[in-house]
Undergrad: 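Could you have a look at this structure, given as structure tokens, before my questions?
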Number of protein chains: 2
Amino acid sequence: MTWAGPDRKASGVPAADPPRRGRPGYDQQTVLRRAVDLFNRQGYDATSMSDLAAELGLSKSALYHHVPSKASLLQQALDEALDALELALDAASSDPGAPAYDRLKAAVRSSVTVLMTHLPAVTLLLRVRGNGTVEVEALRRRRAVDERLTALVREAVREGSVRADLPPDLTGRLLFGMVNSLVEWVRPEGRYDAAALADAVSRLTFEGLDARHER
Amino acid sequence: MTWAGPDRKASGVPAADPPRRGRPGYDQQTVLRRAVDLFNRQGYDATSMSDLAAELGLSKSALYHHVPSKASLLQQALDEALDALELALDAASSDPGAPAYDRLKAAVRSSVTVLMTHLPAVTLLLRVRGNGTVEVEALRRRRAVDERLTALVREAVREGSVRADLPPDLTGRLLFGMVNSLVEWVRPEGRYDAAALADAVSRLTFEGLDARHER
DNA sequence: GTCTATATCCTGATAGAC
DNA sequence: GTCTATCAGGATATAGAC
């Protein structure tokens, strides 16, 4: 069974694909993308390689021709998410001379953007519980990201631009808790694009939802 | 097989336990509590009944003497969470004459309180993906709760007390996304109690984190 | 209430033919 | 690249002795 499906290419980026010769079959990117989608629908642990094979219209063995293990699929997805998050955070805090307030706002915006552009991978990352070495390592990297974000909030409080009547750690957790909660319902083909969501989160968190703060 | 299970009662209430006679063993509440804790640490699907038996220091068969199935443990926990959430929402919106703004604020506060007092059960609920009938039914009830909360936000926007430059559905999702994100890090023995957290969430969301809004 | 032993099915992963 | 057949182990759950 072939199923053809030259619907390959780096997920998300609509780049031109190099022409393929010979038997089509699946390429790794497509397998990974479909796998991550299934993991997000059913949960990683609840998804068996049989499920994935069925989803792809393959036998389990054929699937193992494309993929060395179930954990490797998880690993690739988590790496994608973490690479993107770390990169976005680097960019947001690139100018150490800028006010922490601006850098924090930039971090919120770029976090939302990464969350949207790498939605499946980030969704998977945010659900990792720490079972197995792949998940443990991912949690380690994620904690590092969280700590950089918290440090940013702390700086902004110190410079006086963010309210100081709440502990900065708490403010940071709640702020990025709201950001991360987007993965629970946002859909790429949905009503809101990354910019609109980044704007909404930014307004809600910085200005509040009280009508008196409306601008 | 015992299980019985008419031992309902608002779970979570740290009432004094009736003195036990005869062979100690485990009572159902304890088994359920330990099970839910383990489910939350490892994930429901990643936790086997062997894991749970080992955690309790029992054999698998002895465990099945206390519990009819793995799914029943899940069911009880999800029911506990949903019962508590629905009840809290009823109370928060009990006075239809009160301004929607006040009812919304009350709903936020009581949601945080329920989340804290029934933390393990609510955590489990928020991670359910819809695998199996137990989870599907829980998701159905959860969606109903979400819709009532969204309706509350919509009302508050209509009465002019909550900012109208964002779609009410979006505001509601972000607001309760922040609330729900508490389960990711909050611990009952931690620095913050329910009242402090409810206060922090309320301030952050209604007033914003900008220092200019600090009161 | 707890145990050992077992039934039945499914898991991730592999071997080797086509 | 895909298949059928298979492996060793683990899953939920049960039977029946003590």
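In what follows, every chain begins at residue 1, and chains take the letters A, B, ... in the order their sequences are listed. The structure displayed is predicted, hence computed values, not measured ones.
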Undergrad: Quick one: list whatever passes side chain to side chain contact (heavy atoms under 4.5 Å, CB included) with B/V128, sequence neighbours left out.
TA: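 So B/V128 forms a side chain to side chain contact (heavy atoms under 4.5 Å, CB included) with B/L78, B/E135, B/L139.
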Undergrad: A/H65 side chain N/O closer than 4.0 Å to the phosphate oxygens (OP1, OP2) of D/dG1?
TA: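 Answer is yes, contact under 4.0 Å.
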Undergrad: By ring pair (Phe, Tyr, Trp, His ring centres under 6.0 Å), which residues pair with A/Y101, not counting sequence neighbours?
TA: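 Scan of A/Y101 (ring pair (Phe, Tyr, Trp, His ring centres under 6.0 Å), adjacent residues dropped) gives A/F206.
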Undergrad: To the nearest 10 degrees, how far apart in direction are the end axes of the helix from C/dG1-D/dC18 to C/dC18-D/dG1, each fit to five base pairs?
TA: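 End-to-end axis angle for the helix from C/dG1-D/dC18 to C/dC18-D/dG1: 0°, rounded to 10°.
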Undergrad: Restricting to non-hydrogen atoms, name the atom on A/A138 and the atom on A/L125 that form the minimum distance, rounded to 0.1 Å.
TA: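 Heavy-atom minimum between the residues: CB-CD1, 4.3 Å.
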Undergrad: Can you pull the salt bridge (Lys or Arg N to Asp or Glu O under 4.0 Å) pairs that have at least one residue in residues 105-121 of chain A, sequence neighbours excluded?
TA: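 Applying salt bridge (Lys or Arg N to Asp or Glu O under 4.0 Å) to every pair that reaches into residues 105-121 of chain A, excluding sequence neighbours, yields A/R109-A/D199.
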Undergrad: List the protein contact pattern of nucleotides 12-18 of chain D with one symbol per nucleotide (5' to 3'): B for base contact, S for sugar-phosphate-only contact, - for none; contact means a heavy-atom distance under 4.0 Å.
TA: BBBB---
Undergrad: Using the side-chain hydrogen bond (donor to acceptor under 3.5 Å, both in side chains) criterion, which residues pair with A/Q75? Sequence neighbours excluded.
TA: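 Expected list: none.
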Undergrad: Side-chain donor-acceptor contacts of residues 38-46 of chain B below 3.5 Å, not counting sequence neighbours, with atom names and distances?
TA:
unit_1: B/N40; atom_1: OD1; unit_2: B/L124; atom_2: N; d: 3.4
unit_1: B/N40; atom_1: ND2; unit_2: B/V36; atom_2: O; d: 3.4
unit_1: B/N40; atom_1: ND2; unit_2: B/P120; atom_2: O; d: 2.9
unit_1: B/R41; atom_1: NH2; unit_2: B/E55; atom_2: OE1; d: 3.3
unit_1: B/R41; atom_1: NH2; unit_2: B/E55; atom_2: OE2; d: 3.4
unit_1: B/Q42; atom_1: OE1; unit_2: B/T47; atom_2: OG1; d: 3.2

Undergrad: Side-chain polar contacts of residues 179-190 of chain B - donor-acceptor pairs under 3.5 angstrom, sequence neighbours left out - could you list them?
TA:
unit_1: B/N180; atom_1: ND2; unit_2: B/F176; atom_2: O; d: 3.2
unit_1: B/S181; atom_1: OG; unit_2: B/M178; atom_2: O; d: 2.7

Undergrad: Which residues satisfy the side-chain hydrogen bond (donor to acceptor under 3.5 Å, both in side chains) test with B/R33, sequence neighbours excluded?
TA: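 Residues passing side-chain hydrogen bond (donor to acceptor under 3.5 Å, both in side chains) with B/R33: none at all.
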Undergrad: Measure from the side-chain heavy atoms of B/S59 and tell me the nearest of D/dT2, D/dC3, C/dT4.
TA: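 Selected nucleotide: C/dT4.
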Undergrad: Nearest whole Å is fine: how far is C/dA13 P from A/L63 CG?
TA: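 For the pair A/L63 CG and C/dA13 P, the rounded distance is 10 Å.
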